[in-house]
**Student:** 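The structure under discussion is supplied below as structure tokens; questions concerning it will follow.
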Protein chains: 2
Amino acid sequence: MKTTNKNLISLDEFKVKNYGKPGTKERDELEAGYEDFKIGALIHDTRLELGMTQEQLAEKVGTTKSYISKIENNIKEARISTLQKIVKLGFGGQLELSIKM
Amino acid sequence: MKTTNKNLISLDEFKVKNYGKPGTKERDELEAGYEDFKIGALIHDTRLELGMTQEQLAEKVGTTKSYISKIENNIKEARISTLQKIVKLGFGGQLELSIKM
DNA sequence: TTATCAGTTTCACTTTAGGATAACATTTGT
DNA sequence: ACAAATGTTATCCTAAAGTGAAACTGATAA
């Protein structure tokens, strides 16, 4: 029962990837101090490591590549249930979550 | 830098607590095979360990006790950003998330 | 150049979280 | 029993997430 915990991330220690042009509403919001998430990068990196395209991932998960793109770029904040579907159906993994005190 | 990872949970291995009477819409949905989450229990247990009431937690987080109750009972699926607020502002901890392959 | 593939963004629509408030229920203490 | 504290549920609202379709951009290749 060998399990590897990939990519443990603290949802606090990073800045979101650039999105859009400076001056746009979305970009401004992202930079305005809303909570930023590394989740997009986590999905993105895992997908690439598994050699999948957004479209292939979307098909496995039962969604569209446009939605995957939005998640990877932190444009939309996916639900945990959606993240779980991506990880489980798309990657064959298991999403875990914990509180570090 | 001693850190403890409390309550690492896999979002897959449990059934939600009972909610409402059988036959209600919410109850039916919960039992109908939607993804169920242990997150409510995680928040609930952590709150109790810290000796807080829902109202005290709500105040720290900037929300209401009714909302905390809904989260703890998995009636509403909190966003990750909201979970993070609860963990950080309410518990003084840090929310972490990972993919187990 | 022209396809093709991968990814991004826009547009539009539906659903839900999040919140306010208040009523109701349950537990706990005296 | 009663009261107080704590937790649950109901109702209603609004802003935002969730989502798909399709247009668009960028890169790569033939």
Side-chain angles (χ1 to χ4, degrees), chain A residues 16-30 32-37 39-41 43-86 89-90, chain B residues 16-30 32 34-37 39-41 43-87 89-90:
Chain A
V16 84
K17 295 195 315 192
N18 66 315
Y19 166 64
K21 304 86 199 162
T24 61
K25 180 169 72 81
E26 294 85 356
R27 176 63 170 273
D28 286 350
E29 286 179 355
L30 286 178
Y34 284 98
E35 295 297 347
D36 296 337
F37 295 108
I39 295 170
I43 301 299
H44 177 83
D45 294 349
T46 306
R47 176 175 65 80
L48 289 189
E49 283 175 25
L50 296 177
M52 270 184 260
T53 66
Q54 288 182 339
E55 198 161 24
Q56 291 169 332
L57 176 57
E59 192 183 8
K60 289 193 175 195
V61 177
T63 180
T64 61
K65 62 178 182 164
S66 79
Y67 184 62
I68 299 293
S69 174
K70 287 169 198 167
I71 297 304
E72 290 190 358
N73 289 288
N74 303 294
I75 293 167
K76 293 294 175 82
E77 182 189 350
R79 289 190 201 138
I80 297 182
S81 57
T82 305
L83 282 181
Q84 190 180 5
K85 283 203 297 186
I86 292 173
L89 302 179
Chain B
V16 84
K17 294 196 311 190
N18 66 316
Y19 166 63
K21 304 87 200 161
T24 60
K25 181 168 70 80
E26 294 84 357
R27 176 64 170 273
D28 286 349
E29 286 178 356
L30 287 177
Y34 284 98
E35 295 296 349
D36 297 335
F37 296 108
I39 295 169
I43 300 299
H44 177 83
D45 294 349
T46 306
R47 175 175 65 80
L48 289 189
E49 284 176 26
L50 296 177
M52 270 185 259
T53 66
Q54 288 182 341
E55 197 160 25
Q56 291 169 333
L57 176 56
E59 192 184 8
K60 288 193 176 193
V61 177
T63 180
T64 62
K65 63 175 182 165
S66 79
Y67 183 64
I68 298 292
S69 174
K70 288 171 196 166
I71 297 303
E72 290 190 358
N73 289 287
N74 303 294
I75 292 167
K76 294 286 177 85
E77 182 188 351
R79 290 188 202 135
I80 297 181
S81 57
T82 304
L83 280 182
Q84 191 180 5
K85 281 204 300 187
I86 292 173
V87 170
L89 302 180

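Every value quoted in this text rests on a predicted model; they were computed, and no experiment measured them. In what follows, chains carry the letters A, B, and so on, assigned in the order in which the sequence lines appear, proteins first and then strands, with residues in each chain numbered from 1.
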**Student:** Using heavy atoms and a sub-4.0 Å distance, could you list which residues of residues 62-69 of chain B are near DNA chain C? By number, please.
**Tutor:** B:Thr63, B:Thr64, B:Ser66, B:Tyr67
**Student:** Taking the nucleotide of DNA chain D with the closest heavy atom to each, which residue, A:Ile71 or B:Gln56, is nearer the 5' end?
**Tutor:** B:Gln56
**Student:** Would you indicate, yes or no, if D:dG7 has its OP1 or OP2 atom less than 4.0 angstrom from a side-chain nitrogen or oxygen of B:Arg47?
**Tutor:** yes
**Student:** Please report the distance, rounded to the nearest Å, between CD1 in B:Ile80 and P in C:dA17.
**Tutor:** 13 Å
**Student:** To the nearest 0.5 Å, what is the distance between CD on B:Gln54 and NZ on B:Lys65?
**Tutor:** 8.0 Å
**Student:** In whole Å, what is the span from the CD1 atom of A:Ile39 to the P atom of D:dA17?
**Tutor:** 13 Å
**Student:** Rounded to the nearest 0.5 Å, how far does CD of B:Glu49 lie from CG of B:Asp45?
**Tutor:** 6.5 Å
**Student:** Using modelled atom types only, decide if a donor and an acceptor are shared between the side chain of B:Glu77 and the backbone of A:Ser81 within a distance under 3.5 Å.
**Tutor:** yes
**Student:** Let me test you: for the helix from C:dT1-D:dA30 to C:dT30-D:dA1, what is the angle between the axes at its two ends (five pairs each), rounded to 10 degrees?
**Tutor:** 40°
**Student:** Measure CD1/A:Ile75 against C1'/D:dT19 and give the value in whole Å, please.
**Tutor:** 14 Å
**Student:** Please determine, for the side chain of B:Thr53, which listed nucleotide (C:dT8, D:dT6, D:dT19) has the closest atom?
**Tutor:** D:dT6
**Student:** For nucleotides 12-15 of chain D, print each protein N/O atom paired with a nucleotide N/O atom at under 3.5 Å, atom names and distance only.
**Tutor:**
none

**Student:** Check whether any side-chain N or O of B:Asn73 sits under 4.0 Å from OP1 or OP2 of D:dT8, and answer yes or no.
**Tutor:** yes
**Student:** May I have the step-by-step check of side chain to side chain contact (heavy atoms under 4.5 Å, CB included) for A:Thr82 and A:Tyr67, ending in yes or no?
**Tutor:** CA-CA 11 Å; A:Thr82 305; A:Tyr67 184 62; 3.7 Å; yes
**Student:** Can you tell me if A:Glu55 has over 12 outside heavy atoms packed within less than 6.0 Å of its CD?
**Tutor:** no
**Student:** With a 4.0 Å limit, can you tell me whether A:Arg79 has a side-chain N or O closer than that to the phosphate oxygens OP1/OP2 of C:dT16?
**Tutor:** no
**Student:** Using the side chain to side chain contact (heavy atoms under 4.5 Å, CB included) rule, take B:Leu83 and A:Ile80 through it: C-alpha gap first, then chi angles, then the decisive distance, then the call.
**Tutor:** CA-CA 10 Å; B:Leu83 280 182; A:Ile80 297 182; 3.3 Å; yes
